[in-house]
Amino acid sequence: MSSDSLPPLPQNRIVLGCGQVAVDFLATVASFPNPDDKIRSTSLKVQGGGNAGNASTCAARLGLDPRLISKVSNDSHGKGILEELEADGVDTSFFIVSEKGNSSFTYVIVDSQTKTRTCIHTPGYPPLIPEELSLSSLLSALDGVNMVYFDGRHHETALVVAKEAARKNIPILVEAEREREGLDDLLDFATYAICSAKFPQAWTEAPSFSSALISMLLRLPKLKFVIVTLGEEGCIMLERSVNGGSDAEEMDVQCLLESLKLIKDDSKTIPTCISSVETKLSADGIGTITGQLFVGTAEKIPPSELVDTTGAGDAFIGAVLYGARICVSIKDPLFPKDPN
């Protein structure tokens, strides 16, 4: 699909995020140090970070109007976080600002040789608690919102927001990067889940990656779409059928996944997506669901242009918020049904 054929954004572009913001100190080094080494950085950048902060910034740059619920301290880091988010068009009016403690910050070591990053995070203190978000603020934050996103942090407050969003029938996207306290409760409300490569099997204890996707949809009846990010390999997505598809052909989900991988075109530099037709997908010892399986490729970035992977997953979530927001408005699936 070309950019010219993309549907225009609806007038109401408001999405709400709830999660972590931070300051990132990105030190680039020639190669990752060995224990007890002393090395010099080749460059140093200081910029806003945190999963929810990054994803909201991406959503704003794509044309959405994101609001964000989070917490900072009234320190230099906190002030910088708010200023940077506001400059990018993120509404920070629902932030809690503590007069004591510290804002979150992360040391990020960027390896020029491998193009990878290593993060050392210091959480903000004191943490955000539900009592700090008044009912009036919560209702104001949700007013006019058509999508809510949680990165899994501030889980007690996030659960309060999720319950109210569910009561208002607002679709919910939950990031499942790894198992966290309170994440299971949030996933119970999820319409969309975006997972790291290892999460589905770790969470479901299913014997294979593909069967874990089936297990997630069976365990979470409200979940319509599970997406797994695979870095440079792209992503794999499973969508639950809305209509049930009683006449659909039954097929083993692993066999179907392998067949889709065989026909994907890895030669294209731009991202592509191929899908199955609506199918009864089965996994031995797990169960069966009716839906569609998608395999998406990642953009091919020349090594000379690749800086590092910091925030790549968060940008992916921001893009999904954009795509899902359009689909919620036009009542269409997140991805087209054409298997070609």
Side-chain angles (χ1 to χ4, degrees), residues 1-8 28 31 54-55 58-59 61-63 110-117 175-177 192-201 208-214 225-239 241 248-249 251-279 281 283 291-327 332-340:
M1 181 180 288
S2 69
S3 58
D4 293 337
S5 61
L6 286 173
T28 301
S31 61
N54 288 340
C58 176
R61 291 179 181 180
L62 289 172
V110 180
D111 187 334
S112 297
Q113 194 172 59
T114 62
K115 308 296 185 182
T116 58
R117 86 288 184 268
E175 177 184 359
E177 187 178 33
Y192 304 91
I194 298 183
C195 310
S196 63
K198 295 180 181 179
F199 180 84
Q201 272 188 271
S208 68
F209 171 84
S210 56
S211 63
L213 301 185
I214 299 290
F225 218 115
V226 57
I227 305 173
V228 182
T229 58
L230 303 171
E232 64 182 358
E233 297 299 318
C235 61
I236 293 173
M237 305 157 279
L238 179 58
E239 181 183 23
S241 172
E249 179 184 358
M251 188 171 184
D252 178 78
V253 66
Q254 183 61 37
C255 292
L256 180 58
L257 177 59
E258 293 303 324
S259 67
L260 290 177
K261 286 181 176 180
L262 287 174
I263 61 174
K264 72 173 182 177
D265 188 352
D266 288 320
S267 65
K268 293 184 178 180
T269 57
I270 62 171
T272 60
C273 181
I274 58 173
S275 73
S276 70
V277 296
E278 190 174 89
T279 307
L281 299 164
Q292 277 189 282
L293 192 64
F294 299 78
V295 174
T297 63
E299 182 176 356
K300 300 295 188 292
I301 301 175
S304 60
E305 297 180 16
L306 181 61
V307 179
D308 66 84
T309 57
T310 307
D314 304 330
F316 181 92
I317 290 174
V320 172
L321 285 171
Y322 174 90
R325 175 64 193 90
I326 292 173
C327 296
D332 223 2
L334 183 57
F335 293 90
K337 296 294 184 183
D338 183 0
N340 299 316

Point to revise | Interatomic distance, Glu239 atom CD to Ile227 atom CD1 [nearest 0.5 angstrom] | key: 9.5 Å

Check your understanding: Within the side chain of Ser276, is there an N or O that forms a donor-acceptor pair under 3.5 Å with the backbone of Leu293?
Key -> yes

Review point. Is it the case that Gln254 and Ser210 place a side-chain donor and acceptor less than 3.5 Å from each other?
Key: yes

Exercise for review: Compare all side-chain heavy atoms of Phe199 with those of Glu177 and state whether any distance is below 4.5 angstrom.
Suggested key: no

Point to revise | Closest heavy-atom pair and its distance - Ser196, Val228 | key: O-CG1, 3.6 Å

Exercise for review: For the residue pair Val226 and Cys195, establish whether any side-chain heavy-atom pair is separated by less than 4.5 Å.
Suggested key: yes

Review point. With no hydrogens and no angle check, is any side-chain donor or acceptor of Ser275 less than 3.5 Å from a backbone partner on Phe294?
Key: no

Exercise for review: Please say whether more than 12 non-hydrogen atoms of neighbouring residues, nucleotides or ligands are located less than 6.0 Å from NZ in Lys198.
Suggested key: no

Point to revise | Value rounded to 0.5 Å, distance of CD1 in Ile236 from NZ in Lys261 | key: 4.5 Å

**Study point:** Glu232 CD: over 12 foreign heavy atoms closer than 6.0 Å
**Key:** no

**Study point:** Close side-chain approach of Val253 to Leu213, heavy-atom, < 4.5 Å
**Key:** no

Revision key, fill the gap. In this structure, CD1 of Ile263 is separated from CD of Glu258 (nearest 0.5 Å) by 12.0 Å

Review point. Hey, does the side chain of Ser267 reach the backbone of Asp265 with a donor-acceptor pair shorter than 3.5 angstrom?
Key: no

Study note, to complete from the structure: Closest non-hydrogen atoms of Thr28 and Ser112, given as atom of the first, atom of the second and distance, are CG2-OG, 3.1 Å

Check your understanding: Short question: side chain of Glu175, backbone of Ile194 - any donor-acceptor pair under 3.5 Å?
Key -> no

Check your understanding: Which heavy atom in Glu278 sits nearest to a heavy atom in Ser241, and how many Å separate them?
Key -> OE2-OG, 2.9 Å

**Study point:** For Ala212 against Gln201, the heavy-atom pair lying closest together
**Key:** CB-N, 3.8 Å

Point to revise | Gap separating the CG atom of Leu321 from the CD1 atom of Ile317, nearest 0.5 angstrom | key: 7.5 Å

Review point. Can you name the nearest heavy-atom pair linking Thr279 to Met251, along with the distance?
Key: CG2-CB, 3.9 Å

Review point. Which atom names give the shortest non-hydrogen contact between Leu230 and Ala197, and what distance separates them?
Key: CD2-CB, 3.7 Å

Revision key, fill the gap. Rounded to the nearest 0.5 Å, the CG atom of Leu257 sits from the CG atom of Asp252 at a distance of 10.0 Å

Exercise for review: Check for a donor-acceptor pair, side chain of Thr297 on one end and backbone N or O of Thr272 on the other, with a separation under 3.5 Å.
Suggested key: yes

**Study point:** Gap between atom CG of Asp111 and atom CZ of Arg117 - 0.5 Å precision
**Key:** 12.0 Å

Check your understanding: Would the number of heavy atoms belonging to other residues, nucleotides or ligands and lying under 6.0 Å from NZ of Lys268 be above 12?
Key -> no

